[in-house]
2 protein chains.
Amino acid sequence: MRDRVTLQDVADQARTSKTTAHYVLTGQDQKLRIAEETRRRVLRAATELRYRPNLMAKGLRTQVTRSIAFISDTVATEAYAGNLVYGAIAAAAEHGYLLFVCETGGDPELEASLIGDLASRHVDAYVYASLFTREVQIPAELHFERTVLLNCLAADNSSPAVIPDERQAGRDAACALLDRGHRRAIWLVGEPGEQVLAGAQRTEGIRQALSDAGTELAGTVDCKWWPEPAYEQFGAFLDDGGDPSAVICLNDRVALGVYQALKARGRSIPTDVSVVSFDDSDLAAWLQPPLSSIALPHRQMAAEAIRLLMTDGALAEHPVHVAMPVRLRESIGPPRS
Amino acid sequence: MRDRVTLQDVADQARTSKTTAHYVLTGQDQKLRIAEETRRRVLRAATELRYRPNLMAKGLRTQVTRSIAFISDTVATEAYAGNLVYGAIAAAAEHGYLLFVCETGGDPELEASLIGDLASRHVDAYVYASLFTREVQIPAELHFERTVLLNCLAADNSSPAVIPDERQAGRDAACALLDRGHRRAIWLVGEPGEQVLAGAQRTEGIRQALSDAGTELAGTVDCKWWPEPAYEQFGAFLDDGGDPSAVICLNDRVALGVYQALKARGRSIPTDVSVVSFDDSDLAAWLQPPLSSIALPHRQMAAEAIRLLMTDGALAEHPVHVAMPVRLRESIGPPRS
DNA sequence: TTGAAAGCGCTACCAT
DNA sequence: ATGGTAGCGCTTTCAA
C-alpha cells in the first residue's frame, strides 16, 4: 500500500515524458530507437522508485488482465484431484498468468453469479474443471469466452477439452496382468457404470485387451467405488467360493477394500491373487504390498489445458486425451498354478 | 467478450445521466432521494442491457479489487491440505471476494516476484499459508500489506496468524485413551521433533494429560511420519518384545504403518492394542478398524483467517488457535488386562 | 433531484 | 527521437 509510484513519477525522475518512459519500460525501445542515454535514465528511475505498473489501469486500456478463471464443481474438496488445480496454477504461472480459483459446489445459480463476477473482472480465459471425468453442460455465457474443459466433455463437443485416456488405461491394466501370464479367473471389482466416462471406458479397454489376448473377464463384483462396499461385496464373493487369479479394481479405494477382504481371509497378494487398480493415489504406494495402479495424470492434463488456452487451442483435435501412466508395483505376480 | 455495456449505455437508455444511474445501481439512491420513476428506468435499462460494472475501472478509481492473494509454499501439492485453500475460497466468496491462488514451492525468488505481481494487481489482502504448521519468515513486502498467516507463525509474531490447537489435541488424544482406562504401556510413535510445531506441541499435550492422570508415556518409537518407516520401526519394536497397551501415532500415515505392523503379527486392534492418531485424513475412516484421530480443522482455520482479514483482525489476540475435533472410532478399546 | 466534469494510471495515436 | 493528448469505465465532487 505504499506503492503509489506511477509511470509519470518515473518519467519525471528521468526528466522525460510518460510516453518515452513507457516505450522503454515495455521494451519497445528498439524499433523506436530511443537514445541509449534516455533509456538508461528511465531504467534507473524505475528501479530506484521501485516502479510497478498498475495492472488495473493497464487492463482497463488493453482489455487483458493476465488472469484466468479456474471454475470447478468440487474439484478441490476431493483431495486427490488437487493436482488439477495446482497443475493449472503452475502452468499458468509460467506464462505470467494468475488464477482465480473458484468452486461452485455444483450449484448452477452460484455458478452463474460467479461467472458474472469473473466477467466483470475481465478474466482472459476460463478453465472449467470437473472432479470426475464426465459430460457437462457448460453455462451459456462461457460459449462466448475463451474456455477449455478440464476432465470433462461438453455434450456437443463445442469447446476444447482435456481428458485422461481411460480406454488405453483399461487396456494397460489388463496387459499388466496378461504380461505376467494371467489368462483365466480375472475379475473386475467396482460398478462399471458409476462414473460415466471413467467406469465405462476403463471397462471397455479392459475387455478389448483381454479379448485381443483370446480371453475375457471371469466376471464382475459390483460395488460402489469405496473401501467399505468393496470390502463387503468382494468379501462376500470370496466367501461364496470366489477364487480369482487376478483382480482389476476400478480405483484405489476399491483396491483397499479388496486388500482388506483378501487379508482377512489369509489370501496373499500377489502370491494367491494379483491386484491392479486405477488412479494411483497416495494410498497405492502405502499399501502392502504396494499397489500397481494406472495413474490419473492430473498435472499433465491441467498443463495441457493451459497450453490450449495459450495457443488458441482451436488447432488441436479435441478432446485431447492424456496418457495415464502405468505404475507397476509388487501387487502383481504370476498366476498361482 | 460481448460484454461491452457501460454505465453510460445504461444512463442513455434510461434517459438520464451516468451519475444518476450510478447512484441508483450502487444503492445510494435512498439518501439521495432520486425520483422513483427515474430509479425504475435505470434499473430496467440495466437489466435489459445486462449491465455488468467493469471491476477494473472501478478498482482503478477506488483502489479496491475485492480479490485476495492466497500464497502457499506447497500447500496444495500435499493432498490433505487442500481444505486450507478451499476453505479460504469458500469463506472469501461469502464476502464477495475472489482468490488468486499461488504456490511458491518454497522458492524465495519466485515468492518475491509473485508478490510483486500481486501488488501490481492491487489485491486487497494476503493469506500466507503453509502446508505444515511452522514458523515462517514472511517477505518484507507483506509487512506493509493486510496479511494473515494461515497454519504458520511469524517469528516476531508481527502478523495475525491462525493455527490449530495442537497442544490441546495432544491432551485430547491422551484423554481418549485415559477415558477408556489405559494407564500403562502407552507408547508414542513418530519423531516428536520433525514438524516443528505439530510434533512438539502434540507431544507436549500428551505428556501433560498423562501427567495430570498420574502416569506417563512408556516410551517413544522414533520414526519419520510415513507408513513405511513406521511399519519398520514399530515392527522392530514389537519384535524386540514391545508390548504396548495403547499407541499414539503422530499422524495417520504413521498409524497406517502401525496397523500393518500389528496385523502382520496377529495383534488385534483394539482388543490387544488401542490406537489413536492425528490429522483425520480420509485414510482414518477407511482403515479397519476405523481409526480414532484428532482432526486438522483446515476449513475452519481458513474461514477464521478470512474473517480476520475482513474484520481488520487487529482486534483479536493472536495467534488464533482453532480447536482440533476429536473423531472417536473403533480403534480404541479398554486395556487388555 | 440531476448532471458535468475531473481524474484513477496506463496505452497508443499523432505531432513535432 | 520525444512528447502531447485522448480515452478505457468508473466514482465523486461540485454546481445547477
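Chain letters run A, B, ... following the sequence lines, proteins first, then strands; residues in each count from 1.
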Practice problem: Return no unless some side-chain N or O of B:Tyr51 is found under 4.0 Å from OP1 or OP2 of D:dC10. | Solution: yes

Self-check item: Side-chain H-bond candidate by donor/acceptor type, A:Asp9 with A:Gln13, under 3.5 Å
Solution: no

Self-check item: Among C:dG9, C:dT11, D:dT12, the one nearest B:His22 by side-chain distance
Solution: D:dT12

Quiz item: Below 4.5 Å, heavy atoms only, C-beta onward: do A:Glu145 and A:Tyr128 meet side chain to side chain?
Solution: no

Quiz prompt | Positions of residues 10-19 of chain B (non-hydrogen atom under 4.0 Å from DNA chain C), listed by number | solution = B:Thr16, B:Ser17, B:Thr19

Quiz prompt | Pair B:Arg307 + B:Glu304, salt bridge at N-O below 4.0 Å | solution = yes

Self-check item: pair B:Leu25-B:Leu43: side-chain heavy atoms closer than 4.5 Å
Solution: yes

Quiz item: When you measure from the side chain of B:Leu60, which nucleotide among D:dG9, D:dG3, D:dT11 comes out closest?
Solution: D:dG9

Quiz prompt | Five-pair end axes of the helix from C:dT1-D:dA16 to C:dT16-D:dA1, angle between them (10°) | solution = 50°

Exercise. Measure from the side chain of A:Gln63, starting at C-beta and using heavy atoms only, and say which of D:dC8, D:dT11, C:dG9 lies closest.
Key: D:dC8

Quiz item: For C:dT11, does either OP1 or OP2 sit under 4.0 Å from a side-chain N or O belonging to A:Thr62?
Solution: no

Quiz prompt | Side-chain touch A:Thr65/A:Arg121, heavy atoms, less than 4.5 angstrom | solution = no

Exercise. Give the nucleotide from the list D:dA1, C:dT11, D:dT11 with an atom nearest to the side chain of A:Leu7.
Key: C:dT11

Quiz item: With a cut-off of 6.0 Å (strictly less than), are more than 12 heavy atoms of other residues, nucleotides or ligands near CD of B:Gln137?
Solution: no

